[in-house]
Structures are given as C-alpha cells and as structure tokens.
Visitor: 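Quick one: structure below, then a few questions.
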Amino acid sequence: MSADTLVIRPCGPLHGTVTVNGAKNAVLPIMAACLLTAERSVIENVPHVTDVLTMIEILRGLGVAVEFAGDRLTVAPGRYTGTVAAYDLVSRMRASVCVLGPLLARHGRAQVSMPGGCVIGPRPIDLHLKGLQALGASFTIEHGYVVGTTQALRGGRVYLSGAFGSSVLATGNVMMAATLAPGTTVIEHAACEPEVVDLANFLSAMGACIEGQGSPVIRVEGVPRLRGVRYRIIPDRIEAGTLMIAAAIVGGDLAIDGALAEHLGAVIDKLSEAGAQVEKRNGSIRVQANHPLRSVEVTTLPFPGFPTDLQAQMMALMAVSRGVSVLTEKVYPERFMHISELNRMGASITREGSSAIVKGVSRLSGAPVTASDLRASAALMLAGMAAENQTELRGLEHLDRGYQDLEAKLVRLGASIERVSSLPATG
Ligand code: EPU
C-alpha cells in the first residue's frame, strides 16, 4: 500500500482551463493488440499511470521490447515467444486478461493467471472464454491459470452478453483474436464503449477488416497478417467526467479541453439536470456551476448510459446536493465500498440492494479516509474539496492506477491538495 497521503482542504470555486490525458481503458487493450504483429507500433497520448506500467511489465515478460518516453509508447514485439501472464501482474490489474486473445491468435497458446474477485464485486471472465471458444480455442484451469490452446482459430459467431449486459474487454479480446482468424466473425451484443471503438480503429489501422464498432454487432473478416502502426489514443472520458463533477461539487467555471461531448452525453445530461450549465464546444466542454446543485436520479449502464466509472464521483456530488438522490448501479451491483467512507465524512447514504439513497447534507466534514478502488479514490478527493476542515486520503495506489496528475490539475484550478509521504499520527 502506498505510504502517501493526500491532505485536502476546503476550497472555493474552481476556475480555469485543464486538459485531459489519453484514456487508460483505451490504451491497455491497444497495448495488448500490439502482440498481433512482429512489427513495431508507436502509441501516442499515453497516460503515465501505474496500470500502463503494469501492462508494460506484462509485455516485457512475454519477451516484447517496450519503451515509454514522454507520452509515447513504442512496442516492438519482434519474435517474442512468451505466452504466460503471471499471477503477480494479473492480480495487480485485471485488464491483463486482454492478452489472451492476441496470444491465442499469434501462438495458439496463452496462459493467464485466473483473475480473482475484486473490491468492486465479482468479475468473472466467462464471456472472454465463451467468445474465444466460438473461434476454436479450448480452455482448462490449471494451478490457478487459465490455459487456452488452439490448433488454428477460425471465424465464428458469438452472442456476448452476461447477467449485466455486454463486456468491454471480452468484446476486445474476441475482436483481437478474430482479426487473424480466417473467415468471418460476428460478435452480437458487443460492447459499444468508445474504448472498444478506439481498439477497432487501431486494429483497422494495422490492416484488420472490422465493421460495426460502436454498435452491438461487430463483424470481423480475418486477414493473414497485421502491421505495426503509429496511433493516437482518445482522450479519457472518465478523467473528463471527474473534472466536470469537480466543478459541480465546489462550483466554478472550468473549460475541459480534450473532453469529447459525444463520449459524455449521459454525464452532460445529468449535470445539467442537477443545475450546472454545460456548454459543448469543439473538442472541449465548459462547466459552470453554483454549489449546491439539485438532487437527481442516475442509473449506471453500458455506453451510452451513465458510466459506472463515474458512479462514486457522482455519489460524492449527490451527498452535498439539495434533496434526495437515487443512484442505481447496473454494471457492478456491488461497487459501493465508498458509501461507508463518504458517511464517515458526514454524508447520509443508505444502500438498498443495487441502489444508494443519498440525502443531501449542507456540508461534509473532513476526516481521515481510505480509498477502496480507483474511482472511489477520486470520489473521496472531490468530497474532501467540498468538506469543512482537513481530509486525509490514504490508499493512493488506487488513484495512481488511473489518473495522471489529478491533484496537480485540481490545484492549478484553485483546489488545496497536498501529497505528503507520511503524516504524524493524530489523536
Ligand atoms: N462480466 C461477466 N463475465 C465476463 C466479463 C464481465 O459477467 O466474462 C460482467 C462484469 O462482472 C460486469 C459486467 O459484465 O458486471 C461488465 O464488465 P466488463 O467486462 O464490461 O468490464 P471490463 O471490461 O473488465 C472495463 C473497464 C472498467 C469498467 C468496465 C465497465 C478496462 C481496463 N476496464 O472493465 O474500468 O468499469 O469496463 O465499463 O477497460 C476503471 O477504470 O475503474 C474500471 C473498473
């Protein structure tokens, strides 16, 4: 666990312009997609977050040369022969599972440590396996590893929906494997997230033949080989949404450059309904808000619904909005660990099944709190900005997995946040 603590003090409205980084959840599968060719690819606009560093370790563990300089990642697979993603890396980051499809396509074998449960609830990989089986792979579980083998993949048809709808990384895994599988693959109930579209665009630039990305039916015609490319990652819609909610929670006037309105429709709609003024510009979103906002009802859903990855941040906003809000989680019904920490800060939130009932309070009170996961860490940071007195946020290894410089960006906009390496004991 990181020994660092964020010391967050109350702040007034935020003002200024901020630029979002490249999308973590787009770059991780795209890094795995580089395994589909021996040629070198250059990926630009890559965020400096620890999940990217973990994926670099996985690729290097397979024998791939990787360099990360500035925001540019160079991946040169050459004749790599590795097929194993080890337990210590997969247990750090579940997205490691997306090497499964590319390794099966390139080597006919993949061995990936079976991802366990995680704090946001059960996260099975049955859809990944079902999709790859439809393309001719077989799987066994051996000593905690999923071992996939195939003589040769071939195109197939698969309906890829589970109890909670489509799956982003399972869609990615099957799409990647299908690019080199002779024949036609049809993925029904495919995930429509912008990160899936970015992966499809990257694969198409490599020479893959893909249609329908961004819709629930994706069609892939297998090609004999792919080439290395230079590619720029899309802006991170979750970072953009987190900054939009930051402006709403303490008030202010923010221009968020790089935020794409077409990726954030549900968030724009809900913040507007709550009373913020949201203006869409070309390649930027401006948010003006006067705290406090009004209560709203929000349900998380796969894209284009409200993203689960902004649920915790939205809950922090609801905690200080007027009236009673209801937040229903339909993607990860157990993703509610942050409720108890927000309540320790004086919020009034009760859980009823997969919903949280949030009674707005006029002010939160700063407290020592610990982040349970990446998005909870952002939510607690925003709550601390809107709270009286000092909040001390621990568990920063979660924050650092997915946000590059979030606290520094907020400080430039008027927040008072300091990262300290150890705090004297209180009490
Ligand atoms: N699911 C299954 N079976 C599977 C796969 C998923 O039942 O084989 C279920 C999940 O348990 C969940 C639902 O399907 O209830 C959707 O999960 P999905 O597979 O779409 O999630 P993911 O692809 O593993 C990505 C993001 C997550 C984000 C989700 C949903 C990456 C690296 N991760 O995960 O991001 O919450 O999509 O949008 O792209 C985060 O960034 O904080 C994060 C958790």
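Computed from heavy atoms alone, side chains included, the values below leave out hydrogens, waters and symmetry copies. Whatever order the structure lists ligands and atoms in, that order sets their numbers, starting from 1.
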Visitor: When you compare the side chain of T300 with that of Y332, does any pair of heavy atoms fall below 4.5 Å?
Guide: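 Of all side-chain heavy-atom pairs linking T300 with Y332, none is under 4.5 Å.
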Visitor: Output the list of atoms in ligand 1 that are nearer than 4.0 Å to some heavy atom of S166, sorted by atom number.
Guide: 16 (C), 20 (O)
Visitor: Is it true that E273 and K270 make a salt bridge, defined as a side-chain N closer than 4.0 Å to a carboxylate O?
Guide: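 Salt bridge: yes.
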Visitor: More than 12 non-hydrogen atoms from neighbouring residues, nucleotides or ligands closer than 6.0 Å to CZ on R219, yes or no?
Guide: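 Not more than 12 within 6.0 Å, no.
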Visitor: Less than 4.0 angstrom from a charged side-chain N to a carboxylate O is my criterion; do D309 and K24 meet it?
Guide: no
Visitor: Kindly compute the distance separating CD (E193) from CG (L199), expressed to the nearest 0.5 Å.
Guide: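 Atom-to-atom, E193:CD and L199:CG are 12.5 Å apart.
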Visitor: Using a 3.5 Å cut-off on N or O atoms only, is L374 in polar contact with ligand 1?
Guide: no
Visitor: Please report whether ligand 1 has a polar contact with N25, defined as an N or O pair separated by less than 3.5 Å (distance criterion only).
Guide: yes
Visitor: Any ion pair linking E195 and R237 (charged N to carboxylate O, less than 4.0 Å)?
Guide: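 Here R237 pairs with E195 in a salt bridge, since their nearest N and O are under 4.0 Å apart.
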Visitor: Consider ligand 1: state whether an atom of it lies below 4.0 angstrom from any non-hydrogen atom of K330.
Guide: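 K330: no contact with ligand 1 (<4.0 Å).
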Visitor: Using a 4.0 Å cut-off to any heavy atom of V331, which atoms of ligand 1 qualify?
Guide: 12 (C), 13 (C), 15 (O), 16 (C)
Visitor: Using a strict cut-off of 4.0 Å, indicate which atoms of ligand 1 neighbour a heavy atom of F164.
Guide: 15 (O)
Visitor: Show which atoms of ligand 1 fall inside a sub-4.0 Å distance from at least one heavy-atom site of R335.
Guide: 36 (O), 42 (O), 44 (C)
Visitor: Select the closest option to atom 27 (C) of ligand 1 among T300, L127, D309, judged by heavy-atom distance.
Guide: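 Ranked by closest heavy atom to atom 27 (C) of ligand 1, first place is D309.
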Visitor: Is the closest side-chain heavy-atom distance between L6 and L399 below 4.5 Å?
Guide: yes
Visitor: For H128, take its heavy atoms, then give the atoms of ligand 1 lying under 4.0 Å from any of them.
Guide: 8 (O)
Visitor: Judged on heavy-atom distance to atom 23 (O) of ligand 1, which of V49, D126, L169 sits nearest?
Guide: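 Looking at heavy atoms only, L169 sits closest to atom 23 (O) of ligand 1.
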Visitor: Check whether more than 12 heavy atoms from other residues, nucleotides or ligands sit under 6.0 Å from atom CZ of R60, and answer yes or no.
Guide: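 Buried by this count: over 12 neighbours within 6.0 Å.
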Visitor: Y80: which residues meet the ring-ring contact (aromatic ring centres under 6.0 Å, His included) condition with it, sequence neighbours left out?
Guide: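 So Y80 forms a ring-ring contact (aromatic ring centres under 6.0 Å, His included) with H107.
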Visitor: Tell me, which pairs form a ring-ring contact (aromatic ring centres under 6.0 Å, His included) where one or both residues lie in residues 138-169, sequence neighbours left out?
Guide: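 Those involving residues 138-169 are Y159-H189.
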Visitor: R375: heavy atom below 4.0 Å from ligand 1, yes or no?
Guide: yes
Visitor: For ligand 1 and A163, I'd like to know whether there is a polar contact (N/O to N/O, distance under 3.5 Å).
Guide: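 No - when backbone and side-chain N and O of A163 are compared with those of ligand 1, no distance drops under 3.5 Å.
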Visitor: What do you reckon, does K24 put a non-hydrogen atom under 4.0 Å from ligand 1?
Guide: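 A heavy atom of K24 does come that close to ligand 1.
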Visitor: For ligand 1, which atoms, with element, lie under 4.0 Å from some heavy atom of A95?
Guide: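 It comes down to these atoms of ligand 1: 32 (C).
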Visitor: Heavy atoms only: which of A170, P124, P302, G162 lies closest to atom 2 (C) of ligand 1?
Guide: P124
